[in-house]
Every structure is written in C-alpha cells, then in structure tokens.
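Inspection log for the structure reproduced underneath, given as structure tokens.
Just so you know, ligand 1 is whichever comes first in the structure, and atom 1 is the first atom listed for that ligand.
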Amino acid sequence: MSVQENFERAKEQYEKWGVSVEEAFEQLKKVAISIHCWQGDDIGGFEVNQQELSGGIDVTGNYPGKATTPEQMRSDLEKALSLIPGKHKINLHAIYAETDGKVVDRDQLEPKHFENWVKWAKDNELGLDFNPTLFSHPKAEDGLTLTHPDKDIRDFWIKHCIQSRKIGEYFGKELGQQALTNIWIPDGYKDIPSDRLTPRKRLKDSLDEIFAADVDESLNVDAVESKLFGIGSEAYVVGSHEFYMGYALKNNKLCLLDTGHYHPTEVVSNKISAMLLFSDQLALHVSRPVRWDSDHVVILDDELREIGLEIVRNDALDKVMIGLDFFDASINRVAAWTIGTRNMIKSLLYALLLPNDHLKKLQEEGNFTDRLALLEEFKTYPFGAIWDYYCEQMGVPSQEKWLDEVKEYEKNVLSKREA
Ligand code: RNT
Ligand code: ZN
C-alpha cells in the first residue's frame, strides 16, 4: 500500500473521534523549532583562540566529520533541514561569530560578526536565535561569570550579555522574525557553600544591568535558563529554578526550562501549565537526560509525548518557544539533528491528533477508566501513517529514507573532512 493509501485509512480512524487531520497539519506547519547549531561541532565554536569546552557541560564521542568552519556547519545544517518538515529557526551561540581571523573578545562582539549567518538565514528562510557564551573562556575558568566576586570579571560578562541582546535585536530586524536571546551561566560551587545568598544577589544585580540596556522587545525577547547542577557545581548552582522563576516573573522575562535541568524524576511537562498561568510565554530546551544532564538526542519517549500534549491541549503552540539542546558526538551529527528534531515535531503531531476536548471532558466527569483506556489505545493508532504522509506533503523523506541521504552526505562530504 502506498503512503497515500495508508494515510487515507489512518485518517478515517482519527476522524471517527472528530479529529481533523488536515487542521492538525495546518497548525503543525506554523510551528518553528529552534534548532541548536552546537550539535554540529560539539559546542566547539569558531573563535580564533578556541578554548576547551568548560562550564560543567560535556560532550562525549569522536564520530568523524564534525564541522570545523562556519561554511561546513551551514552546509550540514542545510542537509539536516532538508530532512525535517517545516520552516524553523537556528539557535546560535556567541562562539559561532565570524571575525575574519581576528581575535575579538566576547565583550566586543557585534552584529557585524554574524552577517554571514544572517545572509544564510535569509537565503534559507530561517529565523535565528541567540545565546551569549559564558563558558569556554579564560574569564570563566573558575566557573564563575555574572556572579564572580571580582567586579571586572562581572562587568566583562555583563557587557557580553548586552552585546548579545543587540545581536538578537539585529537578527529580529534583519529577518523580520523576533529572536530569542537566552542567558545561561554555569556559576556554582562543587561543595556546600557557606553563603548562598551573596552570589544570588550579584546575579540579580548583573541581570538588572544587562536588561537595563535598551533593546527593542519586538525584535528580541530575553530568556533566562536555570539549572540544578553541573559537573563541578554539584552542590550549588546560583541560577536555580526558583531564582530565575522569581526573576523572570518580576521583570517580565521568559523562563527557559531545560528538560535536563531538574531532579531526575521531576518533569518539565508538568510545569508548563503552571508557569503559563503566570506568564504569557515560556521557552524550552528539549533534551534527554540519561541519569544526569547528559544531553542525549531527543527520542519519542513518554516525556516528549507529554510535553507535546501539554503544549497542544493548552493551546500554547504560540506561547511556548520550543528549542532543542542535545549534543552527541558518538553518532553522525547530521543524523542527530534530524532524529531529534523530527521527534520533537512528531510529538506535536501526536498531540494534535488526539481528541483532547473529549479526554478533558472525561476527566471533568470523573471517568478515569475511559481516560486511561483511550490514552493507552491512541498509542497504537496508526500515527506513523499520518506522519509519513505529512513528511511527503512537506517535501521531506518519509520513514527512514532520510537515513540514506545522510549516508550519502557522509560518504561525499563528511568523510572527506580532516579529522
Ligand atoms: C547547559 C545548558 C545550556 C547549554 C548550551 C550550549 O547545561 O543547557 O543551554 O547546553 O547553551
Ligand atoms: Zn539548555
């Protein structure tokens, strides 16, 4: 049976529940996922004086063929994007600046250092998001940045964050699509602090200074990303969830929730409805923690499905900015992007195909038997047939056919790169 025939049959099954598959497609097409560039080069960046990765995050694996130049990275992204249905955004970090062989320190970065990215984004009809890079730098060697006791070091990073917001503003202006600039800092301590308050006060003051700089909010919106622990900051992270939740609510900033940044059994899916009652928007870093914040490639697991459901059934597709954050250097990196991003989109489609109003009603009526029974039965509905058809409609390969294209690309391009 053809993809089309399978689709027609599958569609009937969803339609008997009053679900419009076409309407689901229309909604899904409008969702832009913010695809993180750093899966492409193991968060190396293109700085002239490239530093080793620091900040308590780690990438493991040495699969050949990683991007070592901006041109290579853009070419790899284009390959991945050709295998992912929809129009999306690319999420850059400050270390991906192009400075023409000159050393430009982070506090001196400007929009002009991202001109090539903007041109490329225009050519490929992509939006861009941004992140200041407060790690992999001599001034972040002790794991402290915006909370550093040394004012000069704090000032350096404050300046970097202000410049970053201006770069986000430039993206928004050039691309006609608002950019999200997200601040994540590694600051924390390996062992039990004797003072938890002072660093947090300093973080609050640093953020106040950063956000005092004038940036057009219609072009750039700011987010702050919390964390529970990192390598070397196991006992205490200054920018905890409570810290940023309070800060964001009070200062009208977006909270960014990374799915790997909570206690192991704590889930982001359960936070979305709560947070959206108190703020208009929310940002996500969808990742997959395996026993720790390991940043494995996102798979279509229970939690990803639950995140999709929470966004869709709460009518929050335009309130939750969905970004990805994983980095696996043990597999083909173009495949990693493709797998993770396709899964994120799949989870939204899965959610769009459920009779969510009916399921809500069952709960209101206290009919927990039907609620459980249906939620379980829908797991084996012919979702794959709908997904395959969507992919073909959107001009990208269905099923695992994309893998052949990645293999071709590996043979013709990636394997020819110097190790
Ligand atoms: C680290 C944070 C942060 C980084 C990226 C590279 O734990 O998740 O978002 O992964 O900025
Ligand atoms: Zn993150």
Quiz item: Does the pair E306 and R313 meet the rule for a salt bridge (Lys or Arg N to Asp or Glu O under 4.0 Å), with working shown?
Solution: CA-CA 10 Å; E306 207 59 26; R313 64 186 165 205; 3.2 Å; yes
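Using a cutoff of 4.0 Å between basic side-chain nitrogens and carboxylate oxygens, E303 and R288 are not scored as salt-bridged.
L254 contributes atom CG, which lies 9.0 Å from atom CG of D280 (distance to the nearest 0.5 angstrom). For the atom pair NE2 (H137) and CD (E52), the distance works out to 15.0 Å, reported to the nearest 0.5 Å.
The Zn ion (ligand 2) has no N, O or S atom of D295 inside 2.8 Å of it. Residue contacts to the Zn ion (ligand 2): H261 brings no N, O or S atom closer than 2.8 Å.
Nearest N/O/S atom of E225 with respect to the Zn ion (ligand 2) is recorded as OE2. Summary: ND1 is the N/O/S atom of H285 found nearest to the Zn ion (ligand 2).
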Give me the pairs of N or O atoms, one from ligand 1 and one from the protein, that sit under 3.5 Å apart.
{"from": "ligand 1", "atom 1": "7 (O)", "to": "K227", "atom 2": "NZ", "distance (Å)": "2.6"}
{"from": "ligand 1", "atom 1": "7 (O)", "to": "H261", "atom 2": "NE2", "distance (Å)": "2.9"}
{"from": "ligand 1", "atom 1": "8 (O)", "to": "E225", "atom 2": "OE2", "distance (Å)": "3.0"}
{"from": "ligand 1", "atom 1": "8 (O)", "to": "D258", "atom 2": "OD2", "distance (Å)": "2.9"}
{"from": "ligand 1", "atom 1": "8 (O)", "to": "H261", "atom 2": "NE2", "distance (Å)": "3.1"}
{"from": "ligand 1", "atom 1": "8 (O)", "to": "D325", "atom 2": "OD2", "distance (Å)": "2.8"}
{"from": "ligand 1", "atom 1": "9 (O)", "to": "E225", "atom 2": "OE1", "distance (Å)": "2.8"}
{"from": "ligand 1", "atom 1": "9 (O)", "to": "E225", "atom 2": "OE2", "distance (Å)": "3.1"}
{"from": "ligand 1", "atom 1": "9 (O)", "to": "H285", "atom 2": "ND1", "distance (Å)": "3.2"}
{"from": "ligand 1", "atom 1": "9 (O)", "to": "D325", "atom 2": "OD2", "distance (Å)": "3.0"}
{"from": "ligand 1", "atom 1": "10 (O)", "to": "D325", "atom 2": "OD1", "distance (Å)": "3.2"}
{"from": "ligand 1", "atom 1": "10 (O)", "to": "D325", "atom 2": "OD2", "distance (Å)": "2.8"}
{"from": "ligand 1", "atom 1": "11 (O)", "to": "H93", "atom 2": "NE2", "distance (Å)": "2.7"}

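Contact annotation: the side chain of D258 approaches that of D293 to within less than 4.5 Å [non-hydrogen atoms, C-beta and beyond]. When side chains are defined from C-beta on, M245 counts as touching M275, because their heavy atoms get closer than 4.5 Å.
Side-chain contact of H285 with S287: a donor-acceptor pair under 3.5 Å is absent, judged by distance alone.
The minimum heavy-atom distance between L180 and D129, with the atom names listed, is N-OD1, 2.8 Å.
Expressed to the nearest 10°, the angle at the Zn ion (ligand 2) joining OD2 in D258 with OD2 in D325 is 90°.
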